There are 2 protein chains.
Amino acid sequence: MGNRPTLIDVAKAAGVHLSTASRALNESTSAQISPETVKKVSKAARDLGYTINTVARGLRTKRTQTIGVIVPDLTNPIFPPIVRGIDSFLGPRGYSVLVVNTDNDPESERNHFESLMRRQVDGLIIATGHTDKIILANYHNQGITAVMVNREAAGAPYPAVVGDDASGINLGVAHLAALGHKKLLHLTGPAESSTSRTRAQAFSAACKNHGLQGKIIKCSAYSIDAGQSAMDKFLNQNLHTITGVVAGNDLLALGVYHSLRAHGLKCPQDVSVIGFNNMPFANDFQPPLTTIDAPHYEMGVQAARIILNEIEGEASSPVKIMLPVTLIVRGSTAVAKKI
Amino acid sequence: MGNRPTLIDVAKAAGVHLSTASRALNESTSAQISPETVKKVSKAARDLGYTINTVARGLRTKRTQTIGVIVPDLTNPIFPPIVRGIDSFLGPRGYSVLVVNTDNDPESERNHFESLMRRQVDGLIIATGHTDKIILANYHNQGITAVMVNREAAGAPYPAVVGDDASGINLGVAHLAALGHKKLLHLTGPAESSTSRTRAQAFSAACKNHGLQGKIIKCSAYSIDAGQSAMDKFLNQNLHTITGVVAGNDLLALGVYHSLRAHGLKCPQDVSVIGFNNMPFANDFQPPLTTIDAPHYEMGVQAARIILNEIEGEASSPVKIMLPVTLIVRGSTAVAKKI
DNA sequence: CTAAATCCTGCAATCGATTGCACAGATGTA
DNA sequence: TACATCTGTGCAATCGATTGCAGGATTTAG
């Protein structure tokens, strides 16, 4: 790659010592240098097209101004907004983001973690559900600063930024109750994930509160296919026993759509469906999906804010930030059918 | 972050000199060291939990094993697959990926470019349509190695990996022709983008070939809103003058959906619509979108392959790789309505 | 048995910055 | 006038690796 000028070149051009040039160019040390010298050095730097070599700086300062972001899969539509939120906060502050995908594979997660460590990232933002408490405690003991986003690990030593899952599920159940539904089904995601557990518990509680009957079935992953096969299995032995579905997320809801169609059921006429996340294009599905909007971009922003604070300020206590969610009513929910 | 052991610690533990430890641990130099010494050093490294500091190595070797990926917007669903394709090829080969979003803003693009340079990336994969030939030539003069993906700049000094846009559009037009459509409309994207021009030209050519009437309208961006407003404008003065639409991409097609609905037209009964890209969830739209599948993941893989070749091998001539596309027929196209 | 070649390993320079310390000259204080 | 303080700059060590070169030990050749 290009042979860009170094600080020595700038110093020579300005007729000062290397260290003077360094101080002149550095925000925090330029006060030590006389204004004329600063001007001279800045001009030389500009003339030569000097840009700092962050690798060299990083070696000396032990700060790379790089944050590692660990996600399961960037093609899952909820993650790009999170990543952009992180980036939008960090970018203007001189930080860059290294994104890795683990596909929820612990082996892959370990490898990527090692790779990020080798690269001397200043901190980690973890969005994978899989990472268990032992690993996290381990990270913490190694002195690694990190923040969880969209997932929380109860008892984990790190701050977390999450959506208010429980009240989201509540909103969904209340909406169905108001439409006259009595018998509901919840599709829950993998048990390792904290969101799965939170949402499932909230579902049970909300059903009880509203005096509804609520069943729960498990999905092996947060994917369309997993949702579809779980729903297929359910419908094969329980046709016409429920009128409303609260899916663990939008992908599962989409799987439910497919399954309903395959079983000759219409949404929302026969069965109402509610998703979670309000993923991009949820409004363009068939039918447009009623769902809980979780502020993913904002979650990214908040996670970035916290980690920067931990890196540059002093370590705060492991706070938990819970962002509010809202119900978006679209075409997949309707008045309950008599069954 | 953690105080990990350095090479000196390993060398001491193994009772050898720093440089010997370095050579022992390095694939390409370990042959210079006696097998027993290599074993001793490896054991010491393992025992201490040593991992190399890539920042220090990067300073010395002038290779950071990092590739910068410049995209307009990660939340645009075609980019995550590209990024994952890149990552899947580069990751196992020891490279990491720094993704930046420009939002198609030249100022932002320049800033991000500078940031990547400061970080000493080994190469750039550019997926932004906006980057013009002058800038690219400029990069090239600075000795920067780069590859274009999903966009090509004719006459640019860099290799490019693209989908076969022209034959994709051909497939679409042929499909509509076979369904009896006579009057078609093409929504083209921003003129700066090479794909826009290629697709528009292919559309005109294909219409001529099939003896069809083909109109073209421009959209200000590749977005739902831009597609909708362009289509609105068209329909307001040209209701019932076309029966088929070939959109510049899936997002524009979605905009067309919205516009048709607002004008009381049904897809596909009144108007057939074809998209481009086969973005995720295109099958779940209302109606499921007939579209051209472009192999984005594979494009990422190929771009990564080429750039690694340029970095590690010798610079090849600026090749252009054109990946085949296929027509995916779903529910948005039907036999033409009489108008 | 000696000279040459080969094999290992250590020494030290280097990559491009940052930063504690020293010191010269200017300024302030009594 | 004498001494303390302050300002601005330079010197040199340092971050953690890689790598050309030198040289001792060992092997091979003649």
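Each chain gets a letter, A, B and so on, in the order its sequence line appears, and its residues count up from 1. These figures come from a predicted structure and were not determined experimentally.
- Regarding A/Leu25, its CG atom lies at a distance of 16 Å from the C1' atom of C/dT19, rounded to whole Å.
- A donor-acceptor pair under 3.5 Å is formed between the side chain of A/Thr54 and the backbone N or O of B/Arg118.
- Judged purely by distance below 3.5 Å, without hydrogens or angles, the side chains of B/Thr66 and B/Arg119 never pair a donor atom with an acceptor atom.
- Atoms CZ (B/Arg60) and P (C/dA17) sit 16 Å apart, rounded to a whole Å.
- Judged by distance alone, the side chains of A/Thr75 and B/Tyr297 never bring a donor and an acceptor atom under 3.5 Å apart.
- The interatomic distance linking A/Leu7 (CG) with C/dT19 (P) rounds to 13 Å, in whole Å.
- Listed pair A/Lys62 / D/dG16 meets the phosphate criterion, a side-chain N or O lying under 4.0 Å from OP1 or OP2.
- Of the residues in residues 14-24 of chain A, those with a non-hydrogen atom less than 4.0 angstrom from any atom of DNA chain D are A/Val16, A/His17, A/Ser19, A/Thr20, A/Arg23.
- Annotation: of the two residues near DNA chain C, B/Ala56 and A/Asn26, the 5′-most nearest-nucleotide partner is B/Ala56.
- B/Thr37 comes within 4.0 angstrom of the backbone, heavy atoms only, and of no base.
- For the pair B/Ser34 and A/Gln32, both in contact range of DNA chain C, the more 5′-proximal nearest nucleotide belongs to B/Ser34.
- In this pair, A/Tyr158 and A/His140 present their aromatic rings perpendicular. The plane angle is above 60°, beyond the 30 to 60° band.
- Between the CG atom of A/Asp9 and the C1' atom of C/dG16 there is a distance of 11 Å, rounded to whole Å.
- Distance A/Glu36 CD to D/dG8 C1': 10 Å, rounded to the nearest Å.
- To the nearest angstrom, P of C/dA17 lies 12 Å from CG of A/Leu48.
- The closest donor-acceptor contact from the side chain of B/Asn53 to the backbone of B/Ala56 lies under 3.5 Å.
- Going from atom CG of B/Leu59 over to atom P of D/dT14 covers 17 Å, rounded to whole Å.
- Judged by distance alone, the side chains of A/Arg93 and A/Gln65 never bring a donor and an acceptor atom under 3.5 Å apart.
- The end-to-end axis angle of the helix from C/dC1-D/dG30 to C/dA30-D/dT1, rounded to 10 degrees and based on five pairs per end, is 40°.
- Taking atom CG of A/Asn53 as the reference point, atom C1' of C/dT14 lies 14 Å away to the nearest angstrom.
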